[in-house]
Visitor: 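Structure in structure tokens, see below.
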Amino acid sequence: MNKEKTNKVLDYFEELFPDAHCELNHQNVFELLVAVMLSAQTTDKKVNQVTASLFKKYPTVESFALASLEDLQNDIKIIGLYRNKAKNLKKMAQVLLEEYNGEVPKTRKELESLPGVGRKTTNVVLSVGFDEPAFAVDTHVERISKRLGFAKKDDTVNDVERKVCRSIPRDRWNKAHHQFIFFGRYFCKAQNPNCKECHLYDMCKDKIKEVRK
DNA sequence: AACTCGGGGCA
DNA sequence: TGCCCAGAGTT
């Protein structure tokens, strides 16, 4: 992706979503880590619905580590994939206590080694939690990146991250990530994109809806 | 690279 | 009813 098109995208996103931000409710980095981990394959709305009571019932890392697995599973059931997530959450809290003095580690390597934490969760924690440059690729970002031509259709998630990061200036990754997300969620939806209003239609590789000028 | 986990919202 | 959702781990 060349500079001119990249700037056109970033300018448009800034116009549409000047206040794009992480919508997962959290009071600290640990809660952010938990919320992002739980958000896999579900919506942030549902995660917020669960975490609202979850962080009252389990206010500390210790309380998660000592939690009854069965209770924990029931507490997060409505988000789906709850067995694995509850198991990983408890194990993660135990690892944080045993290996990291109850703190959330700040390096990519350490974060990614935690149970239930992969590339995407790591990048969100780094960027939102620690203000470190990182660009997380989820399903929205992947779709948008391919539609706008930052990546090719059959590129893997890692390919997409590499290519987008190469196109966008490092100091804009964090904000741009959330703008990609907002664009994907509210504007350029997977099934029902707003092609008629879209200023980026010319460069779109998908053109799901026909637009005449 | 493909497969599995999964309840709830929505058409 | 069937489809899909801010992914990660295993094979």
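Values below: every heavy atom of this structure, side chains too, minus hydrogens, waters and symmetry copies. A, B, ... follow the sequence lines: proteins, then strands. Residue 1 opens every chain.
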Visitor: Roughly how far apart, to the nearest Å, are dT10(C) and dG6(B) at atom P?
Guide: 14 Å
Visitor: For a 4.5 angstrom cut-off between non-hydrogen side-chain atoms, does Asn74(A) reach Lys77(A)?
Guide: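 Yes, at least one pair of side-chain atoms sits under 4.5 Å.
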Visitor: Please work out which of the three classes, parallel, tilted or perpendicular, describes the rings of Phe187(A) and Phe183(A), given edges at 30° and 60°.
Guide: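 Parallel: the ring planes of Phe183(A) and Phe187(A) meet at under 30°.
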Visitor: Please report the distance, rounded to the nearest Å, between CZ in Arg143(A) and C1' in dG7(C).
Guide: 15 Å
Visitor: Look at the rings of Phe13(A) and Phe180(A) and say which category their plane angle falls in: under 30° parallel, 30 to 60° tilted, over 60° perpendicular.
Guide: perpendicular
Visitor: In this structure, how many angstroms lie between the P atom of dC4(C) and the NZ atom of Lys46(A), rounded?
Guide: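 Atom-to-atom, Lys46(A) to dC4(C), this comes out as 15 Å.
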Visitor: Between residues 71-96 of chain A and DNA chain B, which residues have a heavy-atom gap below 4.0 Å?
Guide: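 Correct list: Lys77(A), Ile78(A), Ile79(A), Gly80(A), Leu81(A), Tyr82(A), Arg83(A), Asn84(A).
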Visitor: Arg185(A) has an atom CZ; how far is it from atom P of dA6(C), in whole Å?
Guide: 7 Å
Visitor: Round to a whole Å and report the spacing from NZ of Lys45(A) to C1' of dG9(B).
Guide: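 In whole Å, dG9(B) C1' lies 10 Å from Lys45(A) NZ.
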Visitor: Side chains of Lys175(A) and Glu14(A): does their closest heavy-atom pair fall under 4.5 Å?
Guide: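 Of all side-chain heavy-atom pairs linking Glu14(A) with Lys175(A), at least one is under 4.5 Å.
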Visitor: Can you find a pair of side-chain heavy atoms, one from Pro115(A) and one from Val95(A), that are under 4.5 Å apart?
Guide: yes
Visitor: Side chains of Lys153(A) and Asp206(A), heavy atoms from C-beta outward: is any pair under 4.5 Å?
Guide: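 Contact flag for Lys153(A)/Asp206(A) side chains = yes.
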Visitor: If you define the side chain from C-beta out and look only at heavy atoms, does anything of Met92(A) sit under 4.5 Å from Val34(A)?
Guide: yes
Visitor: Hey, is the side chain of Gln41(A) poking within less than 4.0 Å of OP1 or OP2 on dG7(C), counting only N and O atoms?
Guide: yes
Visitor: Roughly, in whole Å, what's the span from CD in Gln49(A) to P in dG7(B)?
Guide: 15 Å
Visitor: May I have the distance from Asn192(A) (atom CG) to dG9(B) (atom P), rounded to whole angstrom?
Guide: 21 Å
Visitor: When the distance from CE of Met37(A) to C1' of dG9(C) is rounded to whole Å, what number comes out?
Guide: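 To the nearest whole Å, that distance equals 13 Å.
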Visitor: For the residue pair Phe182(A) and His21(A), establish whether any side-chain heavy-atom pair is separated by less than 4.5 Å.
Guide: yes
Visitor: Quick one, which residues of residues 114-141 of chain A touch DNA chain C with a heavy atom under 4.0 Å?
Guide: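 By residue number: Leu114(A), Pro115(A), Gly116(A), Val117(A), Gly118(A), Arg119(A), Lys120(A), Thr121(A), Asp138(A), Thr139(A), His140(A).
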Visitor: Evaluate side-chain contact (heavy atoms from CB on, under 4.5 Å) for Phe64(A) paired with Leu72(A), printing each intermediate quantity in order.
Guide: CA-CA 8 Å; Phe64(A) 276 107; Leu72(A) 209 46; 4.2 Å; yes
Visitor: Taking atom C1' of dA11(B) as reference, at what distance in whole Å does atom NZ of Lys189(A) sit?
Guide: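 After rounding, the reported distance stands at 13 Å.
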Visitor: Rounding to the closest angstrom, what is the interatomic distance between dC3(B) and dA6(C) at atom P?
Guide: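 My reading of the P atoms in dC3(B) and dA6(C) gives 22 Å.
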